[in-house]
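Nothing here was measured: the structure is a model prediction, and the numbers come from that model. We number each residue from 1, following the sequence as shown. Read the numbers this way: they start at 1 and go in the same order the structure lists the ligands and their atoms.
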Amino acid sequence: MGQIELKGVAKRFGDAEVIPPLDLKIEDGEFVVFVGPSGCGKSTLLRLIAGLEDVSGGKIEIDGRDATAERPAQRGLAMVFQSYALYPHMSVRKNIAFPLKMAKVPQAEIDAKVNNAAEILNLASYIDRRPGQLSGGQRQRVAIGRAIVRNPQAFLFDEPLSNLDAALRVNMRLEITELHNTLKTTMIYVTHDQVEAMTMADKIVVLQAGKIEQVGSPLDLYNHPKNRFVAGFIGSPKMNFMTGAEAAKHDAHEIGFRPEHIAVGETGDWKGKVTVSEHLGSDTFLHVDTEFGIINVRANGNVDVHHGDTIWMTPDRSKVHRFDAAGNTL
Ligand SMILES: Nc1ncnc2c1ncn2[C@@H]1O[C@H](COP(=O)(O)OP(=O)(O)O)[C@@H](O)[C@H]1O
Ligand SMILES: [Mg+2]
């Protein structure tokens, strides 16, 4: 079981309150992603759960027991970091086996567990290599293997893919998702990348300045952001925001349209000049200079519009997001 509950958990470093008291419940088997801009407290929150930092207030429960005062090793959680933290002089096998060796697990059991982890992670053919002889993705898999053999109640990942190049990141993203499908163990995954959050999570926790802005499924957050911050943070390219007369038309202080909800045509509601056109084949991304500032448009397939063209745009007004002066969704 790997149910984790935070009750009024807070963290201060000296005078700085990095995490104001917050409540959060993570169900057994869930894949939860903490996402937010750099410095918002994601790592701190994860480290509090892991026991690598002490809480300044509140309670952490793991499977219903009060784990607030437990040391990291007692909590039954395994953490995987961005820096793989492997032992360079040890083979893959020894790196993966390390926590079991430390725990004085019998050798036969160690062998079975290491082989099983290597199998799951496609590391079997690299088992005798040292970390220096592996690619970044393979090293990260070794670090994950070392977590798997501990058979944890939950895996805690802190930006594990940040050191990898873009193609490898996409690959490892799929592998971690598949790993979750296989193991069905609770996973808490920290990232600043909303695409990782959207593609991997059962449940996303959006953080800003240590505060939970919204908790929900990826499409919940995309379709029903609670406020302007979440609306602007989730979705790529970002939502377009407007105030003034355009917002007044929708009886709001501010409105937002996602780039994919704006159509390009010969006529339309808004006129603008294309400053950049990105043709990916599958999609066309346009940056259009208008009286409202730059508007991002995303069209399906290839659209024959180029830098310097003057175009018209029409938003799908049924898809408008409306906000009040405080930034809350109306
Ligand atoms: N040990 C520490 N001492 C003082 N401030 C810290 C410490 N660790 C983190 N912080 C501060 O807490 C805030 C959140 O940091 P962090 O949790 O690392 O953010 P994130 O992982 O979201 O980028 C930052 O302002 C950071 O400077
Ligand atoms: Mg961090």
Parallel, tilted or perpendicular: which one describes the rings of [X] and [Y], with boundaries at 30° and 60°?
{"X": "Y189", "Y": "F31", "value": "tilted"}
{"X": "H261", "Y": "Y222", "value": "perpendicular"}
{"X": "H89", "Y": "Y87", "value": "perpendicular"}

Review point. Can you count the protein N, O or S atoms that lie less than 2.8 Å from the Mg ion (ligand 2)?
Key: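 My tally for this metal is 1.
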Practice item. Would you kindly say whether S43 and D158 are connected by a side-chain donor-acceptor distance under 3.5 Å? Key: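 Note: S43 and D158 side chains meet the donor-acceptor criterion.
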Check your understanding: Any chance the side chains of T68 and D66 put a donor and an acceptor closer than 3.5 Å?
Key ->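 There is such a pair (donor and acceptor under 3.5 Å, judged by atom type) between the side chains of T68 and D66.
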Review point. Does E27 come within less than 4.0 Å of K203, counting only side-chain N to carboxylate O?
Key: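 So E27 does not pair with K203 through a salt bridge.
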Exercise for review: Linking directly or through intermediates, with side-chain heavy atoms under 4.5 Å: list the remaining ILVMFWY members grouped with I294, chain and number order.
Suggested key: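 In the cluster with I294 there is nothing else; it is isolated.
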**Study point:** Pocket residues of ligand 1, ordered first by chain and then by residue number (heavy-atom cut-off under 4.0 Å)
**Key:**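 Shell around ligand 1 (4.0 Å, heavy atoms): F13, V18, P37, S38, G39, C40, G41, K42, S43, T44.
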Point to revise | Sole candidate of L24, V55, I19, I26 that passes side-chain contact (heavy atoms from CB on, under 4.5 Å) when paired with L6 | key: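 That would be L24.
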Check your understanding: In chain order, what residues pass the ring-ring contact (aromatic ring centres under 6.0 Å, His included) check against H279, with sequence neighbours excluded?
Key ->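 Expected list: H306.
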